[in-house]
Amino acid sequence: MSESPTAGVEIARLSTEQDDFDARLDHLLAWEGVSDAAIQQRVDEILAAVRAQGDAALIEYSNRFDRLAVTSMAELTLCEPRLREAYEGLPAQQREALAAAAERIRVYHEHQKPASWQYTEADGTVLGQQVTPLDRAGIYVPGGKAAYPSSVLMNAIPAHVAGVREIVMVVPTPDGVLNELVLAAAYLAGVDHVFTLGGAQAVAALAYGTETVPRVDKIVGPGNIYVATAKRAVFGQVGIDMIAGPSEILVVSDGGTDPDWLAMDLFSQAEHDEDAQAILVSWDEAHLAAVEAAISRLLPTLERAEIVRESLSRRGVLIRCRDRDEAATLINRIAPEHLELSVANPEGWLGDVRHAGAIFMGRYTAEALGDYCAGPNHVLPTSGTARFSSPLGVYDFQKRSSIIHCSAEGAGELGKIASTLARGESLTAHARSAEYRLKP
């Protein structure tokens, strides 16, 4: 690996032809955000306290961790008039942009709605599946280093489209600072309850319920390591969407995209936090050098330059591969949250991409568009989990029930099969239950 010599930017350079390439790439990709034993212990203590003490624990932890001075849950609760005030108080341009993004997200997710279905067999037996929404969903919206009104829309709107009856949102407000855009997004998205809670204590409140916070059926939305650890711990009491790691982007370029564009695409993820990951893959060495130079030149112009610098130094990498096929292999090995196919014919790559959270196709499709307003969800699988996980969607807020309605004739035929298999498992009550319904 080599480091960029200018402007203090340190970003790794790798080539697939290096003997130790696999080990170096594995090291860069490695991320286990919920393995720290000390954090796990602290989270367990917080979960237990909230479960036992309810609102009192939430007040105590909010004062301690968010540097507040509240004495009641009323001070940690935001009602509909306050959300409406935030929305109506936005500058017109922001209000219109938020509304436009919300509508695009809604239209996209309407296409995801699954339908219940049934079919009837020849003997009259009916089999099928009934799709029903969750009763209550909990949304965690990050706060702290940045505020994310887009996350409110991306989590709440699919829940509404799915038919969820009640949406509960939690958002931390360190030092009591409220973000008006976040509140406005909650109003626009139709969130029913908003509590200014964060961290493991917010997850505990949603999972177990307190005197004030309703217990939910599923918790969705990203957060820091304490939130991720808490979500893993309460899974089973409630459903969760995923264990989200740091944001990440993989850009594959054939050399034909403006290096400045690609540098800024990499920055767009690196600015989230110091653990975010930005990777560029190309088989064009001169192009990689041009992007590296653009990174050095443009980094000082960023408001969050130090965060970006640290992110690129820790986990960023520019990879030179042999050819297009090797680039496709790297895509599926990395299984990125965000994949930019900055190539001449992105449609020709789709058949080779098996693992990616979201695929941004062509030179003009910046990943940032997906973060805010393209329509598809920006809550995506991270840390290689795109190998088995999908973006957040309407389906995450619904469940499916199997339908089995046997006719007398169907019960007779199925009963014979069930009886034989049940007796083979020595479960004779199962067998006899089926046999009672056999025709004489």
Side-chain angles (χ1 to χ4, degrees), residues 31-78 134-145 148 151 155 159 164 166-174 191-246 273 275 379 382-383 385 389 392 396-397:
W31 174 261
E32 176 50 74
V34 287
S35 62
D36 187 289
I39 289 176
Q40 183 68 61
Q41 181 177 351
R42 291 181 68 186
V43 167
D44 287 344
E45 292 170 356
I46 292 170
L47 296 179
V50 173
R51 193 169 194 177
Q53 301 166 28
D55 286 351
L58 296 180
I59 293 168
E60 195 271 324
Y61 286 130
S62 295
N63 288 337
R64 186 196 310 180
F65 297 137
D66 288 337
R67 300 171 297 280
L68 305 180
V70 302
T71 58
S72 72
M73 281 299 296
E75 297 171 84
L76 299 174
T77 303
L78 298 177
L134 304 181
D135 286 340
R136 185 183 291 137
I139 296 172
Y140 190 99
V141 178
K145 289 185 178 178
Y148 296 100
S151 284
N155 284 276
V164 174
E166 194 173 2
I167 300 174
V168 182
M169 182 178 114
V170 293
V171 57
T173 54
V191 173
D192 296 288
H193 306 281
V194 177
F195 300 99
T196 55
L197 302 167
Q201 62 271 24
V203 174
L206 293 174
Y208 305 129
T210 70
E211 300 93 324
T212 303
V213 182
R215 177 181 178 178
V216 303
D217 301 311
K218 191 168 190 175
I219 301 172
V220 302
N224 64 17
I225 190 172
Y226 290 93
V227 172
T229 303
K231 283 174 69 177
R232 177 174 285 179
V234 300
F235 177 63
Q237 292 287 332
V238 291
I240 62 172
D241 52 348
M242 63 187 77
I243 304 295
D273 62 59
D275 290 320
V379 181
T382 61
S383 306
T385 59
S389 296
L392 187 74
D396 284 295
F397 298 100

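Keep in mind the model is a prediction, meaning the values are calculated, not measured.
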Trace of the side-chain contact (heavy atoms from CB on, under 4.5 Å) decision for Arg215 with Gln237: CA-CA 10 Å; Arg215 177 181 178 178; Gln237 292 287 332; 3.6 Å; yes
Please give me the minimum heavy-atom distance between His193 and Pro214, naming the atom from each residue. CD2-CG, 4.3 Å
Salt bridge (charged side-chain N to carboxylate O under 4.0 Å, His left out) evaluation trace for Asp241 with Lys218: CA-CA 8 Å; Asp241 52 348; Lys218 191 168 190 175; over 6 Å; no
For the student: nearest non-hydrogen atoms of Val238 and Val216, plus distance: CG1-O, 3.2 Å
Residue pair Ile240 / Ile243: nearest heavy atoms and the distance that separates them: CD1-CD1, 3.8 Å
Do Val220 and Val379 have side chains that approach each other closer than 4.5 Å (heavy atoms only, starting at C-beta)? no
Member of Thr210, Leu76, Val168 meeting the side chain to side chain contact (heavy atoms under 4.5 Å, CB included) criterion with Phe195: Val168
Quick one: list whatever passes side chain to side chain contact (heavy atoms under 4.5 Å, CB included) with Gln41, sequence neighbours left out. Glu45
Leu58 side chain reached by Asp55 side chain, heavy atoms, under 4.5 Å: yes
With distance as the sole criterion, is a donor-acceptor pair present between the side chains of Gln40 and Asp44 under 3.5 Å? yes
Hey, does the side chain of Glu166 reach the backbone of Arg136 with a donor-acceptor pair shorter than 3.5 angstrom? no
Between Val213 and Leu197, is there a side-chain heavy-atom distance shorter than 4.5 Å? yes
Between Gly245 and Trp31, which heavy-atom pair has the shortest distance, and what is it? CA-NE1, 3.8 Å
Is the backbone N or O of Ala69 less than 3.5 Å from a side-chain atom of Asn63, with the two atoms forming a donor-acceptor pair by type? yes
Return yes if some donor-acceptor pair links the side-chain N/O of Asp135 with the main-chain N/O of Val164 below 3.5 Å, else return no. no
Working to the nearest 0.5 angstrom, can you tell me the gap between Gln53 CD and Ile59 CD1? 11.0 Å
Any side-chain to backbone donor/acceptor pair from Asn155 onto Ser151? Under 3.5 Å, distance only. yes
Check for a donor-acceptor pair, side chain of Asn224 on one end and backbone N or O of Tyr226 on the other, with a separation under 3.5 Å. yes
With heavy-atom distances below 4.5 Å as the criterion, would you say the side chains of Val234 and Tyr208 are in contact? yes
Does Tyr61 reach the side chain of Arg64, with side-chain heavy atoms less than 4.5 Å apart? yes
If we only count heavy atoms from C-beta on, is the Met169 to Val141 side-chain gap below 4.5 Å? yes
Taking all non-hydrogen atoms of both residues into account, name the closest pair between Ile225 and Ile39 and its distance. CD1-CD1, 3.5 Å
Report yes or no: does Lys231 contribute a side-chain atom to a donor-acceptor pair with the main-chain N or O of Pro222 at less than 3.5 Å? no
Can you tell me if Glu75 uses its side chain to pair, donor with acceptor, with the backbone of Thr71 under 3.5 Å? yes
Looking at Thr196 and Ser62, what are the two nearest heavy atoms and their distance? O-OG, 4.5 Å
